[in-house]
Novice: 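Pasting a structure below so you can have a look.
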Amino acid sequence: MASKAFSKSLLSFYRSLRSRLANPLSLHRRELHLKLQKNHLSLCHLHDQTLVLDVEGGLLRSSSTFPYFMLVALEAGCILRGLILLLLYPLLCCLSQEVGLQIMVLVCFLGIRKQGFRTGIAVLPKHLLEDVGLEGFEVLRMAGKKVCVSGMPSVMVEGFLKEYLEVDLVVARELKVFNGYYTGLMEEDSYLGLENAFGEDAIGFGSYIKSPQHQLFSHCKEIYLVTEAEKKNWQRLPREEYPKAMVFHDGRMAFKPTPMATLAMFVWFPFGVSLSILRTIVFLSLPYTISIPIGSATGMTNRVLNPHASADDRQHKLYVCNHRTLLDPVYISVMLNKLVVAVTYSVSPITEALSPIRTVRLTRSKEEDRRKMERLLSQGDLVVCPEGTTCREPYLLRFSPLFVELAEEVVPVALAARVGMFYGTTASGFKFLDSFFFLMNPRPEYHLEFLQKIPTGCLRRRSGSSYEVANLVQREIGSALGFRCTALTRKDKYVILAGNEGTVKAKT
């Protein structure tokens with residue numbers, strides 16, 4: 001009996017020891033969890049303290065970094081990189097977190113040119129912001145000094161954290177570079193001396209899975225951890241609470257590329273290419289009365305309000321619209337069931353050749369462009385997009401006032417385009433593929449509303465300022481769409497997304 005009791009006790013001790021060895025932080029985490037439950041109100045005193053926050057564990061609602069590496073593979077690399085990363089996903093699930101991270105970095109960054117890499121500034125911030133949890137952000141916002149640590153390379157997260165979340169210090173590994181190109185390898189962790197940057201009274205915040213394993217957390221006076229189950233109940237950070245408005249972003253992916261979503265995209269891709277070609281041929285070769293029903297049968301959704309609000313055949317119309325995609329003038333022509341002429345600042349020759357309506361390039365010389373537009377308006381209806389470039393988010397860029405001086409009245413048109421898989425605009429990619437990608441979406445949507453005429457000529461003579469009248473038209477369109485009006489311009493967009501002023505030659 002004694003030997004049996006001894007054996008049972010030994011077995012129990014072995015199981016307990018195995019559990020501790022398999023998860024050496026389990027006891028420490030349990031104590032931290034109790035501390036978090038009892039002292040959660042102490043987080044309110046963060047305003048005069050330093051917070052060390054784990055980005056994946058304590059800020060984002062999902063701890064998985066796979067979608068962000070997939071964005072790098074697809075946007076900075078090519079579709080083949082994305083396919084390789086997707087095929088490796090089952091293997092990544094079987095490996096340790098560190099080894100899986102190194103493989104993703106190798107696949108995504110090997111051979112990418114350092115100087116031309118802007119995905120971390122132009123593409124990832126939009127997707128990262130949409131994954132920020134309101135609860136984690138409130139903790140970050142309360143802190144006096146904000147220090148964020150991340151397992152992702154610094155080129156992926158530093159721009160987002162400092163520019164959009166106003167973080168003071170970002171701790172992440174650098175990528176090794178050879179001859180101006182990334183090697184796909186990361187530098188070794190080097191956190192020596194960093195603990196002195198935030199003192200001895202720092203507070204750590206992260207998740208149970210990985211945060212306590214980070215070296216910097218060992219220098220924190222207190223550590224608060226959340227479970228993955230708790231994070232699943234976190235709310236998305238509302239757009240109105242963004243520290244900085246997300247107005248501009250680039251890239252083709254309109255969805256968060258989780259493994260299943262990416263698999264669905266690759267399955268759809270060949271069908272999408274065929275569907276885009278079919279839709280293009282239909283709209284180029286058939287009358288609008290036939291092409292619209294066929295487009296609807298293939299999944300396209302069009303909604304128009306007041307198309308005859310400005311019906312008057314006695315004079316040519318000047319239609320002024322906000323700019324969502326290159327198809328804006330085409331949709332206006334389709335909904336009016338008559339041909340119009342569109343003026344553009346930059347469009348590829350391929351897009352011009354495939355356009356079902358006439359397009360005329362402007363030169364950015366005010367007097368020359370005015371004469372050209374006056375001549376076109378005397379010949380027929382004219383569509384102008386005074387923003388000068390597209391904007392994906394619910395914002396309107398500053399309207400150029402040149403259109404105010406062309407006619408006595410204008411017809412504002414409010415446009416909204418929605419996609420679920422691919423964006424039909426780009427700032428740094430191949431612009432001739434913009435419309436092609438838009439038509440590749442399973443169910444692309446376009447909403448148009450023709451507003452009441454605005455007597456711009458009379459208003460300009462009364463106010464003496466073309467800018468004020470242009471701002472009035474901008475506010476009318478913004479009010480109809482529920483969009484916010486800004487003073488941002490085409491130059492601002494291209495400086496942020498492409499690193500130039502938008503005057504470079506488009507890729508063709």
Side-chain angles (χ1 to χ4, degrees), residues 29 32-33 36 40 42-44 46-47 49-72 97 101 104 120-121 123-173 191 194 197-198 202-217 219-220 222-246 249 256 258:
R29 290 174 178 174
L32 289 172
H33 183 65
L36 176 60
H40 66 281
S42 64
L43 289 175
C44 298
L46 276 172
H47 63 277
Q49 292 181 300
T50 297
L51 174 70
V52 180
L53 184 143
D54 179 26
V55 174
E56 294 86 353
L59 181 64
L60 303 180
R61 293 182 300 159
S62 171
S63 300
S64 173
T65 58
F66 178 87
Y68 308 111
F69 281 101
M70 179 59 71
L71 285 168
V72 173
Q97 190 176 62
L101 176 66
M104 288 193 290
I121 300 174
V123 179
L124 291 177
K126 181 258 183 184
H127 296 273
L128 287 166
L129 262 178
E130 291 181 347
D131 198 32
V132 170
L134 176 60
E135 291 78 1
F137 175 73
E138 288 176 344
V139 174
L140 179 69
R141 182 165 51 186
M142 287 188 292
K145 184 175 182 180
K146 307 173 181 66
V147 179
C148 283
V149 298
S150 175
M152 291 183 279
S154 61
V155 293
M156 292 177 62
V157 296
E158 186 170 13
F160 156 68
L161 293 171
K162 289 187 174 181
E163 186 72 17
Y164 289 94
L165 296 186
E166 302 172 349
V167 170
D168 300 300
L169 178 64
V170 178
V171 181
R173 281 182 284 185
Y191 305 126
L194 283 177
F198 51 83
I203 294 178
F205 185 77
S207 71
Y208 281 124
I209 293 181
K210 58 183 289 291
S211 299
Q213 301 174 16
H214 200 286
Q215 183 179 340
L216 289 183
F217 276 79
H219 300 282
C220 295
E222 297 180 38
I223 303 176
Y224 295 86
L225 302 177
V226 294
T227 65
E228 289 299 304
E230 290 170 335
K231 287 180 62 177
K232 288 181 179 179
N233 296 323
W234 280 10
Q235 300 177 18
R236 175 184 291 186
L237 180 65
R239 180 185 296 272
E240 55 271 15
E241 294 196 29
Y242 287 179
K244 178 182 178 180
M246 171 58 65
H249 57 88
K256 182 181 177 181
T258 60

Novice: Looking only at heavy atoms, which two atoms of G57 and S63 are closest? And how far apart?
Specialist: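 Minimum heavy-atom separation between G57 and S63: CA-OG, 4.4 Å.
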Novice: Got a second to check how far D168's CG is from L51's CG, nearest 0.5 Å?
Specialist: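 Here the interatomic distance stands at 10.5 Å.
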Novice: Which atoms form the tightest heavy-atom contact between C148 and L161, and what is the distance?
Specialist: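 So the minimum-distance heavy-atom pair works out to CB-CD1, 3.9 Å.
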Novice: When rounded to the nearest 0.5 angstrom, what is the spacing between CZ in F205 and CD1 in I223?
Specialist: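 So the gap between those two atoms works out to 12.0 Å.
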Novice: Please answer whether the main-chain N or O of I203 pairs with a side-chain N or O of Q49 as donor and acceptor at a distance below 3.5 Å.
Specialist: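 No; zero donor-acceptor contacts below 3.5 Å.
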Novice: Identify the heavy atoms of L59 and W234 that sit nearest to each other, and give their distance.
Specialist: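 Nearest pair, atom of L59 first, then W234: O-CZ3, 3.9 Å.
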Novice: Extract all donor-acceptor atom pairs below 3.5 Å that involve side chains of residues 129-143 and protein atoms in other chains or at least two apart in sequence.
Specialist:
{"residue": "E130", "atom": "OE2", "partner": "K126", "partner atom": "NZ", "Å": "3.3"}
{"residue": "D131", "atom": "OD2", "partner": "Y68", "partner atom": "OH", "Å": "2.9"}
{"residue": "D131", "atom": "OD2", "partner": "K256", "partner atom": "NZ", "Å": "3.4"}
{"residue": "E135", "atom": "OE1", "partner": "Q235", "partner atom": "N", "Å": "3.1"}

Novice: Look at K244 together with E163 and state whether they make a salt bridge at an N to O cut-off of under 4.0 Å.
Specialist: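 So K244 pairs with E163 through a salt bridge.
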Novice: How long is the straight-line distance from OH of Y224 back to CG of L53, given to the nearest 0.5 Å?
Specialist: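 Rounded to the nearest 0.5 Å, the CG-OH separation comes out at 13.5 Å.
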Novice: Should H249 and P125 count as side-chain neighbours, where that means a heavy-atom distance under 4.5 Å?
Specialist: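 With C-beta onward as the side chain, the pair stays apart.
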Novice: How many angstroms lie between OH in Y242 and CG in L165, if you round to the nearest 0.5 Å?
Specialist: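 Atom-to-atom, Y242:OH and L165:CG are 10.0 Å apart.
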Novice: Going by heavy atoms in the side chains, are V55 and L60 under 4.5 Å from each other?
Specialist: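 A side-chain contact under 4.5 Å exists here.
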Novice: Taking the side chain as everything from C-beta on, heavy atoms only, tell me whether M152 gets closer than 4.5 Å to L124.
Specialist: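 M152 does not reach L124 side chain to side chain.
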Novice: Supply the atom-to-atom distance Q97 CD to T65 OG1, rounded to the nearest 0.5 angstrom.
Specialist: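 Atom-to-atom, Q97:CD and T65:OG1 are 7.5 Å apart.
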Novice: Distance check, rounded to the nearest 0.5 Å: F66 atom CZ versus L71 atom CG?
Specialist: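 These two atoms lie 10.0 Å from each other.
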Novice: Considering all heavy atoms of both residues, which atom of A172 and which atom of P153 are nearest to each other, and what is their separation?
Specialist: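 The pair with the smallest heavy-atom distance is CB-C, 4.2 Å.
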Novice: Does T227 offer a backbone N or O that forms a donor-acceptor pair with the side chain of E230 under 3.5 Å?
Specialist: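 Judged by distance alone, yes, a pair lies under 3.5 Å.
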Novice: If I compare all heavy atoms of V167 with all of K162, which pair ends up nearest, and what's the gap?
Specialist: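 In this case the closest contact between V167 and K162 is O-CG, 3.7 Å.
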Novice: Minimum heavy-atom separation for E166 to K146, with atom names?
Specialist: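 The pair with the smallest heavy-atom distance is O-CD, 3.8 Å.
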